[in-house]
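This report concerns only the one structure given below.
Fair warning: this is a prediction, and the values are worked out from it, not measured in the lab.
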Amino acid sequence: MSLIPSFFGNRRSNIFDPFSLDIWDPFEGFPFSTTVANVPSSAGRETSAFANARIDWKETPEAHIFKADLPGLKKEEVKVEVEEGRVLQISGERSNEQEEKNDKWHRVERSSGKFLRRFRLPENAKIDEVKASMENGVLTVTVPKEEVKKSEIKAIDISG
């Protein structure tokens with residue numbers, strides 16, 4: 001498989017493979033600073049770990065299955081959409097904890113903020129039958145696949 005380097009964060013991609021990583025995400029890596037563990041301001045507490053929600057994509061004979069770890073989120077805080085052109089988009093936001101005036105933060109490692117991930121689905125995806133469920137902080141999106149039509153062999157008579 002030919003890998004082509006990218007100027008956008010050393011991402012691997014393969015222009016010939018529809019499964020090679022997802023569509024370029026302009027919010028990936030935002031905010032840029034991840035060394036804000038001891039910064040008490042609300043803007044400085046956002047970390048990129050949540051903004052870059054990690055998602056697994058596996059293919060079975062029946063479906064494409066996406067699993068995202070979204071701890072602390074309710075299903076109402078997550079959106080799963082299929083855009084034109086067979087693009088699956090998973091997005092959401094985790095709110096900051098309310099800050100009281102007398103609070104003294106010693107360490108902030110839990111991430112907050114928005115996330116957005118997009119995946120171009122292959123031709124065999126049944127985008128009208130996508131299902132999503134969330135259990136114990138794990139979002140599972142199932143995209144059924146169309147059956148592969150087996151090519152028929154037709155015998156041709158040879159004249160002459």
Side-chain angles (χ1 to χ4, degrees), residues 1 3 6 8-14 17-146:
M1 177 165 62
L3 294 178
S6 171
F8 301 106
N10 286 331
R11 292 168 13 111
R12 296 176 309 160
S13 65
N14 181 339
D17 182 5
F19 302 107
S20 70
L21 297 184
D22 51 338
I23 297 172
W24 177 69
D25 181 4
F27 301 107
E28 188 173 68
F30 182 81
F32 300 105
S33 174
T34 59
T35 59
V36 293
N38 292 318
V39 178
S41 72
S42 61
R45 275 205 309 257
E46 291 189 16
T47 61
S48 63
F50 194 75
N52 291 328
R54 303 292 184 213
I55 299 177
D56 295 339
W57 177 358
K58 85 174 171 182
E59 182 177 356
T60 67
E62 299 81 28
H64 294 276
I65 300 171
F66 297 83
K67 288 196 177 209
D69 289 336
L70 304 173
L73 283 183
K74 299 175 189 146
K75 66 180 182 178
E76 295 82 17
E77 298 171 315
V78 179
K79 282 179 31 177
V80 177
E81 302 169 312
V82 177
E83 299 176 345
E84 288 185 41
R86 295 180 335 277
V87 175
L88 175 69
Q89 178 172 301
I90 301 172
S91 61
E93 181 174 7
R94 181 174 179 188
S95 304
N96 285 333
E97 196 170 312
Q98 292 297 325
E99 190 172 321
E100 300 291 329
K101 291 188 180 214
N102 295 331
D103 289 347
K104 180 178 178 185
W105 291 91
H106 292 279
R107 189 152 191 87
V108 177
E109 293 183 345
R110 295 185 312 139
S111 56
S112 62
K114 295 180 181 182
F115 67 92
L116 170 69
R117 294 297 304 272
R118 302 171 89 197
F119 301 91
R120 183 167 310 279
L121 297 172
E123 293 284 336
N124 65 351
K126 291 183 181 179
I127 58 173
D128 296 334
E129 298 179 23
V130 175
K131 293 189 178 6
S133 64
M134 193 152 174
E135 187 175 337
N136 296 328
V138 178
L139 172 70
T140 302
V141 179
T142 304
V143 182
K145 292 171 33 178
E146 293 179 5

The reported gap from CG in Asp56 to CD1 in Ile65 (rounded to nearest 0.5 angstrom) is 11.0 Å
Q. Can you tell me how far CG of Leu139 sits from CD1 of Ile90, rounded to the nearest 0.5 angstrom?
A.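 With rounding to 0.5 Å, CD1 (Ile90) is 5.5 Å from CG (Leu139).
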Residues at least two apart in sequence or cross-chain that pass salt bridge (charged side-chain N to carboxylate O under 4.0 Å, His left out) with Glu83, listed by chain then number, are Arg118
If you look at every heavy atom in [X] and [Y], which pair is closest and at what distance?
X	Y	answer
Lys79	Glu81	CE-OE2, 3.3 Å
Glu59	His64	CD-CE1, 3.4 Å
Ala63	Pro144	CB-CA, 3.9 Å

Checklist entry - In this structure, which one of Val80, Thr140, Thr142 forms a side-chain contact (heavy atoms from CB on, under 4.5 Å) with Ser133? => result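 So, applying the side-chain contact (heavy atoms from CB on, under 4.5 Å) to Ser133 and each of Val80, Thr140, Thr142, only Thr140 qualifies.
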*Criterion side chain to side chain contact (heavy atoms under 4.5 Å, CB included) on Gln89 and Leu116, from CA distance to verdict*: CA-CA 7 Å; Gln89 178 172 301; Leu116 170 69; 3.3 Å; yes
TODO: Dump the intermediate steps for side chain to side chain contact (heavy atoms under 4.5 Å, CB included) on Leu73 and Phe115, then the final yes or no.
DONE: CA-CA 12 Å; Leu73 283 183; Phe115 67 92; 3.8 Å; yes
Check your understanding: Is the Phe66 ring parallel, tilted or perpendicular to the Phe119 ring (thresholds 30°, 60°)?
Key -> tilted
Open item on the list: Show me the pairs that pass salt bridge (charged side-chain N to carboxylate O under 4.0 Å, His left out) and involve residues 122-135, at least two apart or across chains.
Closed with: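 Qualifying pairs, neighbours excluded: Arg86-Glu123.
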